[in-house]
Structure formats: structure tokens, C-alpha cells
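First up is the structure itself, then whatever we jot down about it.
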Amino acid sequence: MTAPTLTATAPALPFTAELARDICSTTGETVSVIGPFTGGPLHALPVSSSVDVADAYARARLAQIGWARAGFAHRRAVLLRAHDLLLARREGLLDTLQTETGKTRGQAFEEVFQAAGVTRYNALAARRVLGGESRRSGLPVMVTTRVRYRPKGVAGVITPWNFPLSLAAMDVVPALAAGCGVVQKADNQGALSILLLRRAFIDAGVPADLWAVVTGDGAEIGGAVTAGADFVCFTGSTATGLRVGAQAASTLTGASLELGGKNPMIVLDDVDPHRAAAQAAYACFSSLGQLCVSIERIYVQRGVHEQFLREFVTVTRALLLGSGLDYSADVGSLTSQAQLERVTEHVADAVAHGATVRAGGRARPDLGPYFFEPTILTGVTPGMHCYAGETFGPVVAVSVVDSEQEAILAANDSDYGLNASVLSGSARRGLRVAEALEAGSVNVNEGYRGSFSAVDAPMGGVKDSGLGRRNGPEGLLRFVNPVTISRATGVLTLPVTGRQFGRMVTPMLLLARALKTARRR
């Protein structure tokens, strides 16, 4: 059955040349960026060099001194103005996101909404999280202790093409809120979206040198971005993340790395099959599966497997494919030829080794060069490329299990641990199963949007899915160094001689016992 379609021609982006001037580039070289909807050139993007990266860091370091000294109130006001500008400029942001990435307008809107939410949260939370606090002294009365937080300096942020707006915001904005500067390497395919995001912040009052954007091949300048940073934020593949992490570790530079995933969903036998199928379809095929937290494996209990699969196939086949710059399409296009080749190869390999295509399974060049139908596979077994390897596209394998325990073991049987999902008719049962899953985030009766949108909660992976966390207080604390400041009060003199220590032993032992009895730290 052929999936329904909608088509439209994506317009040229009229602000390309103006935005391109915001890139730190002196090479005079450009690279052609291809539009997913048409396969033709969108624009020529300036290319940065390692010298440009070094210059960007030098300028950002100077700007960061004044930005840090400006204080929380000033940064809060600037970031809240940026929040308002993002919402006011949403139509231009949506056009750019769609044209660069190939996603639908609804899924582009999720990015704009997320970026605004991240900005609002960090603007309001920074003082509370990073303002410093008194801590219990080890020597009450004699010494007071306080912790303050000092910005690390300039963060190096490396952002991928698939969610350029929201992923940039989740790393850049907390760095700014903490008083840091940023040098960001934007993927060529999402550079204009990032530049539009940055422009809103500059217009709101962020110094232009404080947030620099560089572009170009990762092999050419990625190392320079990591080498110059006081903290590194990377989002991308596990293979590349391991190299970035190793480089950062060689200079004892901290890093947060959000890497690959092979995210599982468990469908328990007490679900409503139709509602579960609708949730599964969005969790698997939003942004055509090009999302780090999207679902690629589904384990369904036998009692509901046949009904769920039937409903899932029906819902998936009904998804509208299209490239319109409006809200008419359910799914859009893959972003590049490389993505199309990877998805095509994973499906062909699975079929060649005995898997069955239940929905989709084919490219749609009649719609555009990189369109591929949302695909459901059954009979996927070890040895197939899509069994354990990340497809990062609109392909999901559905398997039947006989029990909760079997489902949990199957879901955890992966080198990855980024996101997971549990669908159940019982909240208590769903939460119980969620507790057993090895992932940085788990969503009950939802695919990924619950945890992804929870900007006050940490987001990240375990195992090969990365280290560190973005969002929440943890996301802010990445960008500061805690400094413990203790002060002798002078009320009692600390012992310095043997006799003075001898006189203090008994009082100190009494104090230790009293603190234990009072259950004080």
C-alpha cells in the first residue's frame, strides 16, 4: 500500500548572505549545502579554518570577562528578551529548519518551542542553581563554609544537523546563563538555523563576540574547537564522541557527550492497541527517525501482539509524507543522500536475511530525492545491521515477547542506553517496568517528548550513549567550577600546638557524637 503524500516546493532563503556574514571565516572558501526537499543547492556556506577557531576563542574570552561580571540579573533580562524574540520570529525559524533538515512544520515547531523553553528555564534558574550557598562547616562556630560557582570560561559546542535549533539551545543557553562564552561548530546542514537562533540572542543583548559560530569539516576544525575549550559539549555518533572525549581528557577538560542510541519500547498486554499504535508511530517516525531519542526497537507482549501490530501497520501506512511549509504533512524527508543510503541498506540487509516488511520499506523519489516511507519490520534477528546498530531513520523492528521480564531483558540487551519507552494501561505497572530499564530517560505511555521537553530534568545517556547531562540544574552546573570558601570566625581559636590539640580532643569527640545524634551532616 502506497503511503499518502503531499508536495510543495521549498523557497530559497532570502537572508542567507546576511546570516553567512555572522560565521567566523576568513578563508574565502565555501561549501555547497544541499536542500533535502529538492536535492539542489540551497546556498554556499563560508568555511572556517583552525585559525578562525583560535581567533573566535580569543574574542570570546575577552567578551566573557564582562559578561560574567555583568551578573545574574543582567543575563536573566537578556535571555528573557531572547526568549520573546524566538517566539516572535518563529515563522522564519520554521521555514529555515524545514528547508535545511527536511522535517515537517509540526516537528520544526517542536524545536522552536523547545529552544524557547530552554532559554526561559536557564534565565530563571541560573541564580537559584549557581548563586552560591552556605554549607555545614566541619568545625561549627569556629569556621563558616560557603560554596560559590565560577564560570569555566569559554565552552566549545559541537552541534549536529538533525536538531540544530533545540540541541544548540540546550548547550549554548546554559553556558551563557552561567556566565560563559561559546565557540560553536555548526554542522553545515543546520548552520542557518543556528545563525538565526544566535541572531535573536545578539539582538536581545548578548555580545556578538561572546557566541561565535564556525563551520566546516569536522576533521579540519573539530579538533581545534575541542582543544580551545574550557568545557566541551558534543552531540553525535558514539565513534566520534569517543574521539572528542579522549581529546578533552588529554588536557583534563570536562565534557558532556550525547551519543548514539538504539532506543527500545515495551508494549505491555494491558494497552489499548490503537492508542498504543498511535504513540509508537510518532515515537518511531517523528523527524523520519532522525532523532537521537526516537524508538527503533519495539517488544510487544504476546497477548496483544497481533492486535497492536495490525493497528501499528494501519497507522503507519496512513502517515502523510510531504514537503510543504505548513502543517499538512505528518512526516517529511531524510536530510541527505548519506542518510538515504544508510536506511536503504539497513532495510535491504534485513529483508535479504529473512525479515518481513509490514509497512513502507521503499524510497519515494517521486516526492523528493531523500524521501523514504516509514518502515515496520518483523523477524529481525541478530546479525542483521538494524538489529543492534543504530539506523537513525524511519525503520523499526517489532518483536513478540512472553513476559515483562523477557521484554526488560531484551530492551536492556544493547550497548546503548539513551532513551526508552513503556506503554501500559496501568500507570503503576508502567512505572515499575520503567525502573528496570537501563537508559538515561524513560517515558511511560509516551515515546520521547515527555523527557525531552522536561527542561528542568537532566537528559543524557548511559553505556555507549554518552556521559554527562544537559538540562536541569545538572545542565547549568556543567559550566562552572565550584569553589569552597571557608572563614575562621575568631570566636574560638583553632589548635596549632600539641597541647592545644590535647585540650580540644574531648570537646571535639563530644561534638562528633552530638552531630550524629542530631543526624546532621
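Quick note: numbers below take in every heavy atom, side chains included, and nothing from hydrogens, waters or symmetry partners. The shown structure was predicted, so the numbers you read here are calculated from the model rather than taken from an experiment.
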statement: Residue set satisfying salt bridge (charged side-chain N to carboxylate O under 4.0 Å, His left out) with E341, at least two apart, ordered chain then number -> none
- prompt: Heavy atoms, side chains only, cut-off 4.5 Å: are V157 and V183 in contact?
  reply: no
Results of side-chain contact (heavy atoms from CB on, under 4.5 Å) for P164 - residues two or more places apart only: L97, T101, E111, S193, I194
- prompt: Should the pair E110-R449 be classified as a salt bridge under the 4.0 Å nitrogen-to-oxygen rule?
  reply: yes
- prompt: Once you round to the nearest 0.5 Å, how far does CG of L319 lie from CG of L321?
  reply: 7.5 Å
With K185 via side chain to side chain donor-acceptor pair (under 3.5 Å) - residues at least two apart: none
- prompt: Can you tell me how far the CG atom of L45 sits from the NE2 atom of H43, to the nearest 0.5 Å?
  reply: 5.0 Å
task: Quick one: do T26 and D52 satisfy side chain to side chain donor-acceptor pair (under 3.5 Å)? Show the steps, please.
output: CA-CA 7 Å; T26 59; D52 294 321; 2.6 Å; yes
- prompt: After noting the C-alpha distance and the side-chain angles of V347 and V395, does the key distance pass the side-chain contact (heavy atoms from CB on, under 4.5 Å) rule?
  reply: CA-CA 8 Å; V347 173; V395 179; 3.7 Å; yes
query: With D209, which residues qualify under salt bridge (charged side-chain N to carboxylate O under 4.0 Å, His left out), at least two apart?
result: none
query: Do NZ/NE/NH1/NH2 and the carboxylate oxygens of D230 and R61 come within less than 4.0 Å?
result: yes
task: Would you please name every residue forming a side-chain contact (heavy atoms from CB on, under 4.5 Å) with A420, sequence neighbours left out?
output: P264, L437, A439, V442
- prompt: Are the side chains of S166 and V118 in touch, meaning some heavy atoms are under 4.5 Å apart?
  reply: no
No-hydrogen, no-angle side-chain donor-acceptor test under 3.5 Å, S286 and Y448: yes
task: Using modelled atom types only, decide if a donor and an acceptor are shared between the side chain of T391 and the backbone of G393 within a distance under 3.5 Å.
output: no
task: Could you check if a side-chain atom of E345 sits within less than 4.5 angstrom of a side-chain atom of H385, using non-hydrogen atoms only?
output: yes
- prompt: Hey, is CZ on R75 packed in by over 12 heavy atoms from elsewhere, all under 6.0 Å?
  reply: yes
Straight-line distance of L192 CG to D22 CG, nearest 0.5 Å: 10.5 Å
Qualifying ring pair (Phe, Tyr, Trp, His ring centres under 6.0 Å) pairs, either residue in residues 98-128, two or more places apart: none
- request: Answer whether the closest heavy-atom distance between the side chains of C233 and R470 falls below 4.5 Å.
  value: no
- prompt: Would E390 and K262 pass as an ion pair if we require N to O under 4.0 Å?
  reply: no
query: Given R317 and R358, is the side-chain contact (heavy atoms from CB on, under 4.5 Å) satisfied, shown in steps?
result: CA-CA 10 Å; R317 287 176 173 173; R358 300 290 184 147; 5.9 Å; no
query: Is a salt bridge present between E91 and R105, judged by a nitrogen-to-oxygen distance below 4.0 Å?
result: yes
task: Evaluate the side-chain proximity of Q114 to S453: yes if any heavy-atom separation is below 4.5 Å, no if none is.
output: yes
- prompt: Taking atom types as modelled, is there a side-chain donor on S441 or N419 under 3.5 Å from an acceptor on the other?
  reply: yes
statement: Tightest non-hydrogen contact, residues W161 and Q189, listed as CB-CB, 3.7 Å
field: Any donor-acceptor N/O pair, Q107 side chain to S287 backbone, under 3.5 Å
entry: yes
task: Determine whether V225 and V214 make a side-chain contact, defined as any pair of heavy atoms from C-beta on separated by less than 4.5 Å.
output: yes
task: Start with the C-alpha gap between V380 and R297, add the side-chain angles, then the distance that decides, and say whether side-chain contact (heavy atoms from CB on, under 4.5 Å) holds.
output: CA-CA 10 Å; V380 172; R297 301 179 285 146; over 6 Å; no
query: Going by atom types only, do N443 and S421 share a side-chain donor-acceptor pair under 3.5 Å?
result: no
- prompt: Got P374 and V331 here, is their nearest side-chain heavy-atom distance under 4.5 Å?
  reply: yes
Closest non-hydrogen atom pair, S49 against T27: CB-CG2, 3.6 Å
message: Using side-chain contact (heavy atoms from CB on, under 4.5 Å), reason through V182 and L210 one step at a time and then give a plain yes or no.
response: CA-CA 6 Å; V182 173; L210 186 71; over 6 Å; no
query: Do F371 and L334 have side chains that get closer than 4.5 Å, going by heavy atoms?
result: no
Let me have the donor-acceptor pairs involving side chains of residues 242-252, under 3.5 Å, with sequence neighbours excluded, atom names and distances please.
from: R243; atom 1: NH2; to: T240; atom 2: OG1; distance (Å): 3.3
from: Q247; atom 1: NE2; to: G223; atom 2: O; distance (Å): 2.9
from: S250; atom 1: OG; to: Q247; atom 2: O; distance (Å): 2.5
from: T251; atom 1: OG1; to: A248; atom 2: O; distance (Å): 3.2
from: T251; atom 1: OG1; to: T253; atom 2: OG1; distance (Å): 2.9

- prompt: Under 3.5 Å, side chain of S333 to main-chain N/O of G102, donor-acceptor pair present?
  reply: no
query: Do any pairs count as a side chain to side chain donor-acceptor pair (under 3.5 Å) and have a residue in residues 78-90, sequence neighbours left out, and if so which ones?
result: H83-R120, R89-D203
message: Between Q184 and T159, do the side chains contain a donor N or O and an acceptor N or O under 3.5 Å apart?
response: yes
From L124 atom CG to L80 atom CG, the distance as rounded to the nearest 0.5 Å: 5.0 Å
- prompt: If you look at every heavy atom in G332 and T104, which pair is closest and at what distance?
  reply: N-CG2, 3.4 Å
query: Relative to each other, are the rings of F201 and W211 parallel, tilted or perpendicular (30° and 60° limits)?
result: perpendicular
field: Check: G71 main-chain N/O paired with R127 side-chain donor or acceptor under 3.5 Å
entry: no
- prompt: With sequence neighbours excluded, what pairs up with K152 under the salt bridge (charged side-chain N to carboxylate O under 4.0 Å, His left out) test?
  reply: none
- prompt: Can you name the salt bridge (charged side-chain N to carboxylate O under 4.0 Å, His left out) partners of E220, sequence neighbours left out?
  reply: none
message: Minimum heavy-atom separation for A283 and G447, please, with both atom names.
response: CB-CA, 3.6 Å
query: For H74, what residues pass the side chain to side chain donor-acceptor pair (under 3.5 Å) criterion, not counting sequence neighbours?
result: none
- line: For P46 and I23 the tightest heavy-atom approach is CD-CD1, 3.9 Å
statement: Minimal heavy-atom distance between A280 and I298, with the atoms involved, is CB-CD1, 4.1 Å
field: Nearest-0.5 Å distance that lies between atom OG in S414 and atom CD in E296
entry: 10.0 Å
Show me the donor-acceptor pairs, under 3.5 Å and distance only, between side chains in residues 471-481 and residues at least two apart or in other chains.
from: R478; atom 1: NE; to: R469; atom 2: O; distance (Å): 3.3
from: R478; atom 1: NE; to: G475; atom 2: O; distance (Å): 3.0
from: R478; atom 1: NH1; to: D171; atom 2: OD1; distance (Å): 2.9
from: R478; atom 1: NH1; to: S256; atom 2: OG; distance (Å): 3.0
from: R478; atom 1: NH2; to: M170; atom 2: O; distance (Å): 3.1
from: R478; atom 1: NH2; to: D171; atom 2: OD1; distance (Å): 3.4

field: Between T238 and D464, a side-chain donor and acceptor under 3.5 Å
entry: no
